[in-house]
Every structure is written in C-alpha cells, then in structure tokens.
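Below, chain A is the first sequence line, B the second, and so on; all start at residue 1.
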Protein chains: 2
Amino acid sequence: MISKRTKYGLKALGYLAEQYGKGPVLIAEIAEQKKIPLKFLENILLQLKQNNILESKKGKGGGYMLALHPKKTSLASIYRIIEGPIAMMPCVSLNFYEKCKDCNEAYCGLNRVMIMTRDATLKVLEKRTLMDLADEPQMI
Amino acid sequence: MISKRTKYGLKALGYLAEQYGKGPVLIAEIAEQKKIPLKFLENILLQLKQNNILESKKGKGGGYMLALHPKKTSLASIYRIIEGPIAMMPCVSLNFYEKCKDCNEAYCGLNRVMIMTRDATLKVLEKRTLMDLADEPQMI
DNA sequence: AACACAGTCCACTAATCTGGTAGACAAATT
DNA sequence: AATTTGTCTACCAGATTAGTGGACTGTGTT
C-alpha cells in the first residue's frame, strides 16, 4: 500500500494535469479541490519541484504548474520520488538496488518471483503518465 | 516494499516447500538455514498456522510442515495473510476494500490506474505458488 | 512419573515511519 | 511598503516494525 503522501501527490498532479496550460495553480486551490491538508500538500509539492516535476512562481498570480506536458512524465518516476522503490524487495529493485545478504540471488526462488511482479507493475507505471491521472469531467 | 516479516515468511515457506513430504521441520532448522531471527520466525509461522497454511506437531520429532502440496497455495494468499492488501490503495482492493471518501471512484483517474497495477501484480501472485519459492539446488 | 523437547502465547522494547502542525522567512507583485 | 504566495525548519503524537525474553502447554521417551 502506498502512503497518504504518495496518494496526495498523485491526486495533486492529476489536478495540475487537468489545469495544464492555464498558468500557475494555488496550493490552496489544489488542497481544497482534492481534500488534502494544506501544509502537508505544500511539503509534497515542494519535493516534486525539487525533483523537477513541478515549476513554481511566488507572489500574486503565483502557484504551481507542471514542468512538462502531462504525457511526458511517467507515473513510475513520480512513484520513485515520493514513495521510493517500485520493487517489493531491495534485491530486485532497478533504481534502489541493494544486495541481499545471506542469499545467493542466482538460486533464490523468491528473487525470481519478485522480479516477475516488479516487471508486471513496472509495465503499467512506466507506460501511464500524469495525463492518465486527470479525472473525468463530472456532469453536475 | 514488503516488510521483513513477509520476506521471512516467504523464505521459510520456500524452505518448507523444498522439504515437502519429509515430515515436520524444526523452526530452528528453518531459522538457521534461511538466516531468520528465531523468535521472530516462531511468531510468523504461528500466524501461518492459524491461517491454515501450515500444520505443526509438538514434542520430539515435531516441527512445521505445509498443510497442502506446495502447488496448491498461491503467493497471493500468503501475501494477504502476512502483508495485507495487494492493491496500492484500499479503494482498489478486492479483499480489503474501503471506499475512498472525498472521491468519486467512477470519475477518479488515480483509481483507474491503480486497478491496472493491481491486476498486473495479481496476475503474477495468483498464478505463482509456494512451489516457485523453492530455491534451486546449489552445486557446491 | 519425570524429563526433555518443541511449539504457543504474552509482554515488552527501541527505533523508525507516518501524517501531520506551527511559524518564521524569502521572493514577487501591486 | 504591503500583500501575496511559495520555502524552509522544527516539532509532535501515534502507529508500525523488528525484534527479545520468558513462562506455559502439549507430546513422546525413558
């Protein structure tokens, strides 16, 4: 299960994807629309900015916006920034690899299975982008 | 990322799959072979027994053994017992579903994507069994 | 009956992570 | 100068993780 931090981050990015091209969006607006605690969201967006996913503008008329077109940023890259490894164990992670001590990976049954699940998840998250996070317009 | 508890549990089950049909195996033997802290492992195996994955026998000649043939138990069922939901969010979980408040699932972009990753992971974990956890014999 | 063996169960701990909150500060605009 | 908006630091309560210790219970052997 992902943390609320990651969930909030993805929700916010979905909102920014919907608003793409319309200029900066206020943190407060995102927080209100997506029901995310304001100060918590501030922190998450800052992290995304520091990782070049978002751009910001201070002062009146300021806010946050996507650094790239929503189709250009994969969900995998966001996941890795906020949540960390996509793989279920460090010894099968591509971006956060750590050798499994007390275990020879070449013969490890668990290792093989975990690589399969990693690849299955990755196939989805590498293909899908911020564009896919945009909510469908709701008729009221 | 899965917890060490889940990792240890899977490792132990892999060992019991290797030893299937040979009678009860001591906790101490599993702990030593798989480098798992003994008392921690005791606790994990007990949980697996209480969920009918394992059978046990006390006293001399006792130990733990698989309740079923290793091919009969999916990794998904083990994962759900030890780690919990396979899905990344409660609102897309099949076995641990919780409605997402402040969000209409029918229109939620994140929901759709999370269902895709859930299904991708599930396809692997439902198909693979304890049999797949058995390590390959190592030539020494 | 006594003993050793091996799983069961309960209580406790230290360290880390999660999900926040508060407040001062810095930059941009009016 | 005043207002707006993001930036940064610090702090916190509660839950979770990864264990450890010790007493208890059931089983088989002598």
Identify whether any heavy atom of A:Gln50 sits under 4.0 Å from a base atom; if not, whether one sits that close to sugar-phosphate; answer base, sugar-phosphate or nothing.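 Here A:Gln50 touches the backbone only, sparing every base.
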
Reckon B:Leu45 touches a base, only the sugar-phosphate, or nothing at all at heavy-atom distances under 4.0 Å?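 No contact at all - B:Leu45 keeps every heavy atom at 4.0 Å or more from the nucleic acid.
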
Rounded to the nearest 0.5 Å, what's the gap from CG on B:Leu45 to CG on B:Leu13? Could you check?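 It is 7.5 Å, given to the nearest 0.5 Å.
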
Rounded at 0.5 Å granularity, tell me how far NZ in A:Lys34 sits from OH in A:Tyr15.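 OH of A:Tyr15 is found 8.0 Å from NZ of A:Lys34.
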
Return the value, rounded to whole Å, for the distance between atom [atom1] of [X] and atom [atom2] of [N].
X: B:Ile53; N: C:dG7; atom1: CD1; atom2: C1'; answer: 18 Å
X: B:Lys4; N: D:dA18; atom1: NZ; atom2: P; answer: 7 Å
X: B:Ile82; N: D:dA18; atom1: CD1; atom2: P; answer: 12 Å
X: B:Ile30; N: C:dA6; atom1: CD1; atom2: P; answer: 13 Å
X: A:Ile44; N: D:dG6; atom1: CD1; atom2: C1'; answer: 15 Å
X: A:Lys49; N: D:dC8; atom1: NZ; atom2: C1'; answer: 12 Å
X: A:Leu46; N: D:dG6; atom1: CG; atom2: P; answer: 11 Å
X: B:Leu26; N: D:dT27; atom1: CG; atom2: P; answer: 17 Å

Assign each of A:Glu42 and A:Gly61 to its nearest nucleotide of DNA chain C by heavy atoms, then name whichever residue's nucleotide is nearer the 5' end.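 Upstream on the strand: A:Glu42.
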
Residue mapping more 5' on DNA chain C - nearest nucleotide basis, B:Gly59 or A:Glu83: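 Its nearest nucleotide being more 5', the pick is B:Gly59.
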
Regarding A:Lys4 and A:Glu83, does a basic nitrogen lie under 4.0 Å from an acidic carboxylate oxygen?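 Answer for the salt bridge query: no.
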
Below 4.0 angstrom, N of the basic side chain to O of the carboxylate: do A:Glu126 and A:Arg80 qualify?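 Counted as a salt bridge, because a side-chain N and a carboxylate O are separated by less than 4.0 Å.
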
Please pick, from [options], the nucleotide with the shortest atom-to-atom distance to any side-chain atom of [X].
X: A:Lys60; options: D:dG22, C:dT30, D:dA18; result: C:dT30
X: A:Ser56; options: C:dT21, D:dG6, C:dA6; result: D:dG6
X: B:Phe40; options: C:dG7, D:dA18, C:dC9; result: D:dA18
X: B:Lys58; options: C:dT21, D:dG26, D:dG19; result: D:dG26

N or O in side chain of A:Lys39 less than 4.0 angstrom from C:dG19 OP1/OP2: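 The answer is no; no side-chain N or O of A:Lys39 sits under 4.0 Å from OP1 or OP2.
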
Would you indicate, yes or no, if D:dG19 has its OP1 or OP2 atom less than 4.0 angstrom from a side-chain nitrogen or oxygen of B:Tyr8?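 Affirmative; the distance criterion is met.
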
Do the side chains of B:Glu105 and B:Cys91 get nearer than 4.5 Å, heavy atoms only?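 B:Cys91 reaches B:Glu105 side chain to side chain.
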
